[in-house]
Amino acid sequence: MNALSECRVAVATPGGRYDILIGDGLLHSAPAWQGLPRAARALIVSNPTVDAAYGSALQAALAPHYAGIDRLRLPDGEAHKDWASLERIFDHLLAQGCDRKTVLFALGGGVVGDMTGFAAATYMRGVPFVQVPTTLLAQVDSSVGGKTAINHPRGKNMIGAFYQPARVVCDLATLDTLPPRELAAGLAEVIKYGPIADLAFLDWIEANLPALLARDRAALAQAVRRSCEIKARVVGADERESGLRAILNFGHTFGHAIETGLGYGAWLHGEAVGCGMVLAADLSAELGLVPAQFAERLARLIAAAGLPVVAPPMAGERWLELMRIDKKAEGGELRFVLIESPGRAAVRAAPDAAVLRVIARRTRA
Ligand code: NAD
Ligand code: GLY
């Protein structure tokens, strides 16, 4: 393991305290796997892509700690973040006679992580689980904070639970095999932390974008560490999203509408969030909260990261219908995470007319 890029970020919530380990080669590092919940059995949940690349390494790392280790491969992709995949986890656990101490390991991106977490939250009313995120998006966001879910055809992440992992192990070396489009999708969630919480981090991302796109290990380590620090602080203050945590959904009201409206998997989650952040920043400017130049600055960075900044063609009424399902909507009124001043965000209602204006401006004629 490269000691230079190894670090630990603590997460402390009412639902659990745990560490995020970030380092180069952690899958092959014995200390990363010590001190986990003890059990006779463990189940590694993954998909064919990730299991083929990293399943054996994780199984070998866990072998000293669990007498029986199974590996389950769920179908790959956002379109499979559903009941059918969840049932496959439960079917496997029950068929193998797994008891309530069995530890689940989520090896993969946010799709595997969200589903494995939900299975862990509900199997026998709760078994321990460990996040082993292998996408940039999962390392900087989805593996941390205990949101677990599956999609419903009518809305993203509509069925789920808050359930914290026992540990998060981010092996930066796994990012080497990530397709470029997935790397860019992860950068969307990295960029997100700048405008909502840390302007100095936004400056740093702008300056280091070429290094991040080139997968410079030190730059990725810094991006993952700072993102996890910000996320740990926010979920530590508001685990169940009664207030502050909602800022982490910057761009997501528009983004989830894109994902649901186009069909799960048509755009990657990070792509939809990237475009959603452009729209949310435009809306902040439209409502007079931030200068239009700040929204343009963000749009330039998002485009430079290789993410879409042109909204997909969808009728205005369809946008509104999709966004009314959003968990932040209240009494049919749309609410968005808006930038109140550069580096600070809050949830605010916005008139439909203003929302439709910013969408129209970012939709190719
Ligand atoms: P994903 O899980 O679909 O992974 C992206 C693709 O990369 C998949 O095809 C996967 O097989 C592949 N892959 C994963 N690791 C790889 C590796 N190291 N090398 C090569 N290929 C690899 O997508 P994602 O972007 O990681 O996650 C998106 C999901 O996360 C969405 O469902 C979103 O709703 C969810 N999410 C949840 C939270 C949360 O707080 N729980 C936060 C953000 C996003
Ligand atoms: N990704 C949003 C959250 O964890 O709250």
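In each ligand, atom 1 is the first atom listed, and ligand 1 is the first ligand listed.
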Identify, for [atom], the protein heavy atom at the shortest distance, and state residue, atom and that distance.
atom                    : answer
atom 13 (N) of ligand 1 : Val50 CG2, 3.7 Å
atom 2 (C) of ligand 2  : Asn249 OD1, 3.6 Å
atom 4 (O) of ligand 1  : Thr135 CG2, 3.6 Å
atom 1 (P) of ligand 1  : Val111 CG2, 3.8 Å
atom 1 (N) of ligand 2  : Asp141 OD1, 3.1 Å
atom 36 (N) of ligand 1 : Ser142 CB, 3.6 Å

Within ligand 1, which atoms have a heavy atom of [X] less than 4.0 Å away?
X      : result
Lys156 : 31 (C), 32 (O), 33 (C), 34 (O)
Asn47  : 10 (C), 11 (O)
Lys81  : 31 (C), 32 (O), 33 (C), 34 (O), 35 (C)
Thr49  : 11 (O)
Tyr54  : 18 (N)
Asp141 : 42 (C), 43 (C)
Pro179 : 20 (C), 21 (N)
Lys231 : 40 (O)

Open item on the list: I'd like to know whether CZ of Arg318 has more than 12 heavy-atom contacts from other residues, nucleotides or ligands below 6.0 angstrom.
Closed with: yes
Open item on the list: Can you name the atoms of ligand 2, numbered from 1 with element, that are less than 4.0 Å from a heavy atom of Lys147?
Closed with: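 Numbered from 1, ligand 2 contributes 2 (C), 3 (C), 4 (O), 5 (O).
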- [ ] Report the member of Ala185, Gly146, Gly110 with the shortest heavy-atom distance to atom 30 (O) of ligand 1.
- [x] Gly110
- [ ] Could you check which of Val273, Asp76, Leu74, Leu268 puts a non-hydrogen atom nearest to atom 10 (C) of ligand 1?
- [x] Asp76
Using a 4.0 Å heavy-atom threshold (strictly under), name the region of [X] that reaches ligand 1: side chain, backbone, both or neither.
X      : result
Leu178 : both
Asp114 : side chain
Leu137 : side chain
Asn157 : side chain
Lys147 : both

TODO: Taking only Lys NZ, Arg NE, NH1 and NH2, and the carboxylate oxygens of Asp or Glu, determine whether Lys101 and Asp99 approach each other closer than 4.0 Å.
DONE: no
Task: Salt bridge present between Lys147 and Asp141 (N-O < 4.0 angstrom) - done: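 No.
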Task: Flag for Asn151-Glu259: side-chain donor and acceptor within less than 3.5 Å - done: no
Open item on the list: Quick check on Lys231 - does any of its heavy atoms sit under 4.0 Å from an atom of ligand 2?
Closed with: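 Yes, that is the case, since the closest heavy atom of the residue is under 4.0 Å from the ligand.
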TODO: Could you say whether the N/O atoms of Glu78 and ligand 1 ever approach to under 3.5 Å?
DONE: yes
Task: ligand 1 to Glu189 polar contact by distance, N or O atoms, under 3.5 Å - done: no
- [ ] Return the set of residues passing side-chain hydrogen bond (donor to acceptor under 3.5 Å, both in side chains) with Arg324 (not counting sequence neighbours), or none when no residue passes.
- [x] Asp352
Task: Remaining members of hydrophobic cluster (4.5 Å side-chain criterion), Met323 - done: Phe254, Ile258, Leu262, Trp267, Leu279, Leu283, Leu287, Leu289, Met314, Trp319, Leu320, Leu322, Leu334, Phe336, Leu338, Val355, Leu356, Val358, Ile359
Task: Donor-acceptor contact present, side-chain Asp82 to main-chain Ser85, <3.5 Å - done: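 Yes: the side chain of Asp82 pairs with the backbone of Ser85.
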TODO: Indicate yes or no: does an N/O atom of His252 lie under 3.5 Å from an N/O atom of ligand 2?
DONE: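 No: no nitrogen or oxygen of His252 is under 3.5 Å from one in ligand 2.
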